[in-house]
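Please read the structure below before turning to the comments.
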Amino acid sequence: MPYLLEFTDADLVRPLTEPEKAAETVRAMFDGETPVRTKDVATTLGRNYGTVKTHLHRAGQLGLLVNVPRRGWLVPATAE
């Protein structure tokens, strides 16, 4: 087939999902050392704590964030 087109995710324009928005907020708040608390993310986004917690856990399942139990959230590159 000489006229085969290939698409990647970069070719598709789509809005960020809620877990992606939460992960972006954590990246912006992360100072490089201290985990970002769920409560602080909820305050920054102006959203309900439980809703933000769900979105952060989904972001963790997608590999966008790493959860440190009872401490907060880290960016994957610094979690080692």
For Val36 and Val26, work out which heavy atoms get closest and say how close.
CG2-O, 4.0 Å
According to a hydrophobic-cluster definition based on side-chain heavy atoms being under 4.5 Å apart (Ile, Leu, Val, Met, Phe, Trp, Tyr only), do Val68 and Val52 belong together?
yes
Determine, step by step, whether Lys39 and Lys53 satisfy the side chain to side chain contact (heavy atoms under 4.5 Å, CB included) criterion, reporting the C-alpha distance in whole Å, the side-chain angles of both residues, the deciding distance to 0.1 Å, and the verdict.
CA-CA 8 Å; Lys39 178 181 176 182; Lys53 179 180 172 184; over 6 Å; no
Apply side chain to side chain contact (heavy atoms under 4.5 Å, CB included) to residues Val75 and Val66 and explain how you reach the verdict.
CA-CA 6 Å; Val75 179; Val66 175; over 6 Å; no
Calculate, to the nearest 0.5 Å, the distance between atoms OG1 and NE2 belonging to Thr38 and His57 respectively.
6.0 Å
Any chance you could measure Glu20, atom CD, to Thr25, atom OG1, to the nearest 0.5 Å?
12.0 Å
Would Glu24 and Leu64 satisfy side chain to side chain contact (heavy atoms under 4.5 Å, CB included), going step by step from the backbone distance to the final call?
CA-CA 9 Å; Glu24 288 295 322; Leu64 301 173; over 6 Å; no
Nearest atoms (heavy-atom pairs only) where Pro19 meets Ala59
O-CB, 3.6 Å
Flag the pair Leu65 / Leu74 as yes when at least one side-chain heavy-atom distance between them is below 4.5 Å, and no otherwise.
no
Which pair of non-hydrogen atoms, one from Trp73 and one from Phe30, has the smallest distance, and what is that distance?
O-CD1, 4.4 Å
Kindly determine whether Arg71 and Arg37 satisfy side chain to side chain contact (heavy atoms under 4.5 Å, CB included), including the steps that lead there.
CA-CA 7 Å; Arg71 301 275 297 152; Arg37 298 183 322 161; over 6 Å; no
In Å and rounded to the nearest 0.5 Å, what is the NE2 to CG distance from His55 to Asn48?
9.5 Å
